[in-house]
Amino acid sequence: MQLPMSASLAPNLIWRDQAGSTNLELIELAKAEALPDFTVLVTANQVSGRGRSGRSWQAPADTSLAISVLLRPRLEDQSDLGKLGWLPLLGGLAMAQNVQSLLGPESASVTGVKWPNDVLVSERKICGVLSELVQLNPADGRFGTELAVVIGAGVNLTLTEEQLPVPTATSLALAGAKLPESLDERLDLVLSGYLERLSHWYGRFTDARLSAVVSGLRSAVIENCVSLGREVRAILPGDTEQVGRSVTIDDSGRLVLEVNGQPFSVAAGDIVHLRHA
Ligand code: BTN
């Protein structure tokens with residue numbers, strides 16, 4: 001596979017004709033050898049993709065991209081660990097901006113991140129993100145252990161309505177993107193657009209010593225989040241639920257709901273958009 005634009009954006013780009021789960025394969029590689037920060041493992045034929053909350057993630061061969069990126073930010077102390085929670089949102093933001101650029105400016109108002117990191121176009125899911133924390137070889141560690149994050153993104157390129165896993169999904173082609181005829185060029189365009197934005201935001205975030213506020217990451221996520229100002233149902237860990245109006249994303253990346261006039265912060269879970277406010 002020829003991916004020249006993408007290869008110029010990563011120190012190590014690993015292409016697989018087929019992979020089980022790109023996240024799992026990258027995690028295993030990273031544990032076995034010292035991979036550089038921003039190593040990318042990618043395929044258009046992932047056969048055992050992992051989704052959030054133990055779900056699976058699948059698409060017919062050559063209709064989507066499964067992209068996993070190893071991030072190894074410098075951690076100064078234990079308090080930096082909590083800031084890693086911004087990385088999945090950063091992945092969602094990078095893909096949302098990439099999709100907006102591929103679909104054109106008129107798509108911007110309907111394309112964005114559904115908190116925490118799905119990417120939607122007109123309420124239909126075009127990309128899912130699964131981030132996994134990885135403990136690398138302790139010998140390579142800074143304070144006893146070495147932590148890294150693998151950000152996995154699955155983006156639908158040319159799936160037809162019949163090929164969608166669920167009717168609430170979509171693909172770039174269905175959403176109206178003009179994609180190159182050649183498979184190599186198509187994959188390279190979508191992958192490089194994502195890696196460019198991921199690298200941009202990751203660079204700003206790490207330069208700001210993992211401050212989402214100073215780097216502008218929080219503002220950008222808020223600007224590109226289609227969940228804000230909406231009535232949502234949050235499905236919380238332990239299968240409890242909370243319904244409220246989503247008002248902002250706080251400095252820790254939590255979605256803040258307004259429930260009976262009181263703020264209620266959601267740190268983890270899935271949300272369902274109920275209706276426009
Ligand atoms: C979701 O449930 O919405 C998240 C789906 C994440 C899928 C991507 S595809 C690349 C990476 N490898 C995996 O096994 N999963 C993620």
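We count ligands from 1, going down the list as the structure has it; atoms in each ligand are counted the same way. Residues: numbered from 1 along the sequence shown.
Checked by atom type, the side-chain pair N117/W115 shows no donor-acceptor distance below 3.5 Å. In the model, T43 has no side-chain atom that pairs as donor or acceptor with a side-chain atom of N45 under 3.5 Å. N224 and Q100 share a donor-acceptor pair across their side chains, judged by distance under 3.5 Å alone. Defined by atom type and a distance below 3.5 Å, a donor-acceptor pair is present between the side-chain atoms of S68 and N23.
Scanning all heavy atoms of the two residues, the minimum distance from V266 to A234 falls at CG2-CB, 4.0 Å.
Shortest contact from atom 15 (N) of ligand 1 to any protein heavy atom: R50 O, 2.7 Å. The protein heavy atom nearest to atom 5 (C) of ligand 1 is W57 CE3, 3.4 Å. Atom 3 (O) of ligand 1 has as its closest protein heavy atom K125 NZ, 2.6 Å. For atom 9 (S) of ligand 1, the nearest non-hydrogen atom of the protein is Q46 NE2, 3.4 Å. The closest protein non-hydrogen atom to atom 8 (C) of ligand 1 is G154 N, 3.6 Å.
Taking every heavy atom of R52 and a limit of under 4.0 angstrom, the matching atoms of ligand 1 come to 1 (C), 2 (O), 4 (C). Those atoms of ligand 1 that come under 4.0 Å of a heavy atom in G49, given as number and element, are 14 (O). When each atom of ligand 1 is checked for a heavy atom of L130 under 4.0 Å away, the hits are 6 (C). The distance from ligand 1 to the heavy atoms of D118 drops below 4.0 Å at these ligand atoms: 3 (O). Of all atoms in ligand 1, listed by their number and element, those nearer than 4.0 Å to a heavy atom of S21 are 12 (N), 13 (C), 14 (O).
Between T22 and ligand 1, at least one N/O pair is under 3.5 Å apart. Distances between N or O atoms of S48 and those of ligand 1 include no value under 3.5 Å. Of the polar atoms of R55, none of the N or O atoms is found under 3.5 Å from an N or O of ligand 1, judged by distance alone.
Remark: side-chain polar atoms of S64 are not paired, donor with acceptor, to backbone N or O of N156 under 3.5 angstrom. Using a distance-only test at 3.5 Å, with no hydrogens or angles considered, a donor-acceptor pair links the side chain of N98 to the main chain of V190. Side-chain atoms of Q46 come within 3.5 Å of backbone atoms of T22 as a donor-acceptor pair (strictly under, hydrogens ignored).
For K31 and E132, the salt-bridge test fails: no basic side-chain N is under 4.0 Å from an acidic carboxylate O.
Residue V129 holds the heavy atom nearest to atom 4 (C) of ligand 1 of all those in T43, N23, V129, V150.
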